[in-house]
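What follows is a single structure, written as structure tokens, with notes after it.
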Amino acid sequence: MSPEKITVRDGRLEIPDQPVIPFIEGDGIGPDITRASMHVWNAAVEKLYGGRRKIHWKETYAGEKAFEKTGSYLPDQTIEDIREYVVAIKGPLTTPVGGGFRSLNVSLRQILDLYACVRPVKYYRGVPSPMREPEKLDVVIYRENTEDVYAGIEWEEGTPEAKKLIGFIGKELGKKIRPDSGIGIKPISVTGSKRLARKALQHAVDHKLASVTFVHKGNIMKYTEGAFKLWGYELALDEFRDKVITETELYDQVMAEDGVTPTVKDGAFAGLRGGKPAGDPGGRVVVKDRIADQMFQQVLLRPDEYDVLATPNLNGDYLSDACAAQVGGLGIAPGANIGDYVALFEATHGTAPKYRGQDKVNPGSLLLSGVMLLEYLGWNEAAEAIKTALEKTILDRVVTYDLARQLDGVRPVKASEFAKAIAANLP
């Protein structure tokens, strides 16, 4: 069978058995963790499909390696490769100093309109965690990727632009800003909010998950984050009405059936049926919302009540890393940037240049991002096999230095050795 491109037809991805998938090695530790991860991905696909399916990897360039080869940190060809082949994966990238980019990662998201940053957070047994019951946290965070503070609309204190904007806001809009301020603008649109909500809700429906929660700071920022929440509810009720029920509707149901008056504590319903969502959702996804700061408490104290979190950009940035810390840290946290169809999977951590070429760093983040890629292709058997093998390897106490230093009497293995052990444990 010959390599083929993934295509989009009638609004759906067409996945061949021999897809061509671009990859970007990344900077710093990128080559080490890419090699290790690719060993496991290839082994899983071969073992599960016996040669019927195979990924044909096509290297494309961004970051330091791209600059060495082309004189550009983000060549046009790389953008075209990702668009043309639809699905790609990358290691961590260094943001060049004076290179014209605020961030290569942000630039890729914005140029390709990859508006959903998707971060599953799940505990694997054997991973050291600061939590007593880390297995209770199993969420997928859908973070808006193109708006909010990441739109990058800001001006430095003292510049003509900042002074002009401060003057305009004071004179024309009657809002006083200290003259020695830097200025940033936080846009949140109907378009950006609703397409993110659509992705989050569709994920919950497709995977038969119990709830989607809109996380926001709308009690203070009513016309940006508050609007994000309201537009999310609008989208849910307009496009998913037969598949969802709001938390308020559930509690109204309880009041009608039991004559009980629900109480509200810190923005969340409490005091009903053990504090868990009451009423019968009838197989529908429960749609709810939480204030951002209160959500941080919820993921610590009541994590098993949440399945999908949908957030504006900055809230999701904080929350995804905080959740990852509960299950072992960024070294084992996968992620993806997804648009309508194009998807770019990525390691969620940095380049760790001091470990470059040492074959030392845990490849778990990139490895599990590849698992997300396999799921995106619909190759769920290979994806599940890797997750099973990863957990078995960790339980066998075969781990890289980041995990070994938290476990008594465990000698760390190299990244490549860790990968080989995972491949050997594939069911």
Side-chain angles (χ1 to χ4, degrees), residues 11-12 113 115-118 139-148 187-258 260-270 272-273 275-292 294-295 298 302 305-313 315-316 319 338-341:
R12 297 178 64 86
D113 199 23
Y115 54 83
C117 179
V118 185
V139 299
V140 181
I141 298 170
Y142 273 76
R143 165 192 169 203
E144 206 290 320
N145 231 355
T146 62
E147 298 189 321
D148 198 358
I188 290 183
S189 69
V190 177
T191 300
S193 299
K194 287 193 172 182
R195 67 183 184 175
L196 187 279
R198 184 179 296 111
K199 283 280 189 191
L201 286 157
Q202 192 64 57
H203 180 93
V205 169
D206 290 345
H207 293 83
K208 296 180 171 56
L209 299 176
S211 68
V212 172
T213 304
F214 297 113
V215 182
H216 61 94
K217 193 63 179 169
N219 56 326
I220 304 299
M221 292 173 277
K222 300 182 185 300
Y223 307 122
T224 51
E225 301 216 4
F228 171 86
K229 175 197 77 171
L230 293 175
W231 293 327
Y233 275 112
E234 283 181 10
L235 185 284
L237 297 178
D238 286 346
E239 297 187 15
F240 294 85
R241 176 68 276 193
D242 61 332
K243 297 181 176 67
V244 303
I245 184 170
T246 69
E247 188 176 50
T248 300
E249 289 170 336
L250 270 183
Y251 280 88
D252 287 346
Q253 183 186 106
V254 170
M255 292 172 70
E257 292 175 357
D258 299 348
V260 177
T261 302
T263 60
V264 179
K265 179 178 176 59
D266 296 331
F269 289 98
L272 287 176
R273 299 182 181 177
K276 294 185 178 180
D280 179 12
R284 291 170 289 179
V285 176
V286 179
V287 181
K288 49 193 177 182
D289 69 274
R290 297 290 182 265
I291 301 297
Q294 196 257 343
M295 189 69 235
Q298 292 284 297
R302 296 159 69 172
E305 293 181 20
Y306 299 91
D307 297 285
V308 178
L309 305 179
T311 80
N313 189 282
N315 292 336
L319 195 57
I338 302 176
D340 287 338
Y341 305 105

In short, Ala197 meets Gly232 closest at the heavy-atom pair CB-CA, 4.0 Å
So, taking the atom named CG in Leu237 and the one named CD1 in Ile245, what distance separates them when rounded to the nearest 0.5 Å? 10.5 Å
Heavy atoms only: give me the nearest Trp231-Ser193 pair and the separation to one decimal. CE3-OG, 3.5 Å
Checking side chain to side chain contact (heavy atoms under 4.5 Å, CB included) for the pair Phe214/Leu230: CA distance, chi angles, key distance, verdict? CA-CA 9 Å; Phe214 297 113; Leu230 293 175; over 6 Å; no
Heavy-atom pair with the smallest gap, counting every atom of Leu250 and Pro281: CD2-N, 3.8 Å
Locate the shortest heavy-atom distance separating Thr224 from Ile188; write the atom from each residue and the value. O-CG2, 3.6 Å
So if I apply the side chain to side chain donor-acceptor pair (under 3.5 Å) rule between Asn315 and each of Glu144, Glu225, Arg143, which one comes out positive? Glu225
Using a 4.5 Å cut-off on heavy atoms from C-beta on, say whether the side chain of Asn313 contacts that of Asn145. yes
Minimum-distance pair of heavy atoms, taken over all atoms of Leu196 and Tyr115: CD2-O, 4.2 Å
Quick check: do Glu247 and Arg290 have side-chain heavy atoms less than 4.5 Å from each other? yes
Please step through side chain to side chain contact (heavy atoms under 4.5 Å, CB included) for the pair Val285 and Leu209, ending with a clear verdict. CA-CA 7 Å; Val285 176; Leu209 299 176; over 6 Å; no
With a 4.5 Å heavy-atom cut-off, do Phe240 and Arg284 have their side chains touching? no
Derivation and outcome, side chain to side chain contact (heavy atoms under 4.5 Å, CB included), residues Leu201 and Val287: CA-CA 9 Å; Leu201 286 157; Val287 181; 4.0 Å; yes
Phe228 six-ring face occupied by Lys217 cation (under 6.0 Å, within 45°): no
Interatomic distance, NZ@Lys288 vs OG@Ser211, rounded to 0.5 Å, equals 4.0 Å
Quick one: pull up CD1 in Ile291 and NE2 in His216 and give me the separation to the nearest 0.5 Å. 4.0 Å
Going by an N to O cut-off under 4.0 Å, is there a salt bridge joining Glu147 and Arg195? no
Considering all heavy atoms, the nearest Ala116-Tyr142 contact: CB-CD2, 4.3 Å
